[in-house]
Amino acid sequence: MNAPAKTDKFVVQNAAVKIPDGVYAETVLSVEHYTDRLFRFRMTRPAGFRFRSGEFAMIGLMVGDKPIYRAYSIASPSWDEELEFFSIKVPEGPLTSHLQAIKPGDTVLMRKKPTGTLVLDALTPGKRLYMFSTGTGIAPFASLIRDPETYEKFDEVILTHTCREVAELKYGFDLMEEIRNHEFLAEVVGDKLKHYPTVTREDYPFQGRITDLMESGKLFTDLGVPPLNPEVDRGMICGSAAMLKDTKDLLEKAGLTEGANNKPSEFVIERAFVG
Ligand code: A2P
């Protein structure tokens with residue numbers, strides 16, 4: 001079967017299905033599988049679709065004759081001509097069990113309005129920006145670390161990424177490599193960006209939950225930075241519900257207060273992905 005072209009119809013399980021009104025229907029351009037649990041894909045960006053780096057959109061597929069959507073951080077920066085997403089594969093997941101099988105040429109649906117709290121506008125000015133992520137929680141930061149505005153606003157950007165296994169860190173390493181080799185980003189980013197990958201269930205030079213590494217102070221010693229200080233440090237958090245809570249508690253203990261789009265402050269959390 002040939003991959004369907006981008007029309008108002010597309011084919012799932014050999015049935016021609018009408019695309020719902022009022023949503024974008026975009027074409028998959030590339031898919032990369034990292035592990036049996038993780039993959040990323042890139043797709044066309046609709047003309048006129050605007051978003052702020054760090055926001056999420058509702059991504060979907062027609063399954064049978066019904067669209068199924070789930071919130072996905074847009075992993076590409078706001079200037080990119082294409083859209084990138086980083087996804088988990090849940091074997092019985094209503095969307096991801098289908099999404100993990102997409103191929104270039106397939107159609108993916110996207111609702112028209114992006115939103116989210118992990119945006120630079122929700123933070124008050126500071127010097128050092130921490131991005132705390134676990135698992136696919138790295139996705140909004142994949143967008144923000146590729147946005148020059150992040151480096152206009154902060155002198156130092158620290159991306160922490162904690163996963164169960166070493167193989168799950170690969171997307172983060174690929175992003176660093178891409179930035180280092182990028183025509184204009186390499187210069188904009190310079191040595192401002194630090195990547196701090198850690199693993200919890202395998203041997204690795206940097207081991208442990210980010211919360212434990214903050215509490216012990218090892219994170220700060222390893223990075224050669226002082227402990228958290230609300231005058232200069234800002235934070236963004238994206239991960240599981242438990243990780244969000246535990247990381248938030250530590251930031252609050254250090255004197256940072258939570259902000260939002262309509263009330264910028266010292267750290268922000270994305271709660272859209274947790275049940
Ligand atoms: P751990 O292996 O100790 O559970 P998950 O896939 O379950 O979302 O986990 C992704 C990563 O987040 C794992 O390395 C996991 O560590 C870590 N993690 C899970 N819960 C927390 C938490 N409450 N605080 C910090 N890190 C956490």
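Whatever order the structure lists them in is the order used to number ligands and atoms, beginning at 1.
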statement: Between the CZ atom in Phe220 and the CG atom in Asp233, the distance rounded to the nearest 0.5 Å is 7.5 Å
Considering non-hydrogen atoms of the protein only, which is the closest contact for [atom], and what is the distance?
{"atom": "atom 16 (O) of ligand 1", "answer": "Thr200 OG1, 3.3 Å"}
{"atom": "atom 8 (O) of ligand 1", "answer": "Ser240 CB, 4.1 Å"}
{"atom": "atom 21 (C) of ligand 1", "answer": "Arg209 NH1, 3.3 Å"}
{"atom": "atom 10 (C) of ligand 1", "answer": "Thr134 CB, 4.0 Å"}

- prompt: Counting both backbone and side chain atoms, is some N or O of Thr162 under 3.5 Å from an N or O of ligand 1?
  reply: no
message: Would Gly135 count as being in polar contact with ligand 1, using the rule that some N or O on each side must be under 3.5 angstrom apart?
response: no
task: Please work out whether the ring planes of Tyr34 and Phe86 are parallel, tilted or perpendicular, with thresholds of 30° and 60°.
output: perpendicular
Thr198: which of Asp222, Thr134, Thr160, Thr162 passes side-chain hydrogen bond (donor to acceptor under 3.5 Å, both in side chains): Thr162
message: Against ligand 1, does Ile210 come closer than 4.0 Å with any heavy atom?
response: no
query: At the 4.0 Å heavy-atom cut-off, does Cys163 count as touching ligand 1?
result: yes
query: Does NZ belonging to Lys127 count more than 12 external heavy atoms closer than 6.0 Å?
result: no
task: Pick one of side chain, backbone, both or neither for how Arg164 approaches ligand 1, counting any non-hydrogen atom pair under 4.0 Å.
output: both
query: Where does Asp246 meet ligand 1, judged by heavy-atom distances below 4.0 Å: at the side chain, the backbone, both, or neither?
result: side chain
- request: Show which atoms of ligand 1 fall inside a sub-4.0 Å distance from at least one heavy-atom site of Thr211.
  value: 24 (N), 25 (C)
message: For Tyr171 and Phe173, I'd like to know if the aromatic rings sit close, meaning centre-to-centre distance below 6.0 Å.
response: no
query: Do the ring centers of His161 and Phe132 come within less than 6.0 Å of each other?
result: no
- request: Indicate yes or no for a side-chain donor-acceptor contact from Arg70 to the backbone of Ile59 under 3.5 Å, with no hydrogens or angles considered.
  value: no
field: From CA spacing to verdict: side chain to side chain donor-acceptor pair (under 3.5 Å), Glu55, Thr115
entry: CA-CA 5 Å; Glu55 287 190 313; Thr115 184; 5.1 Å; no
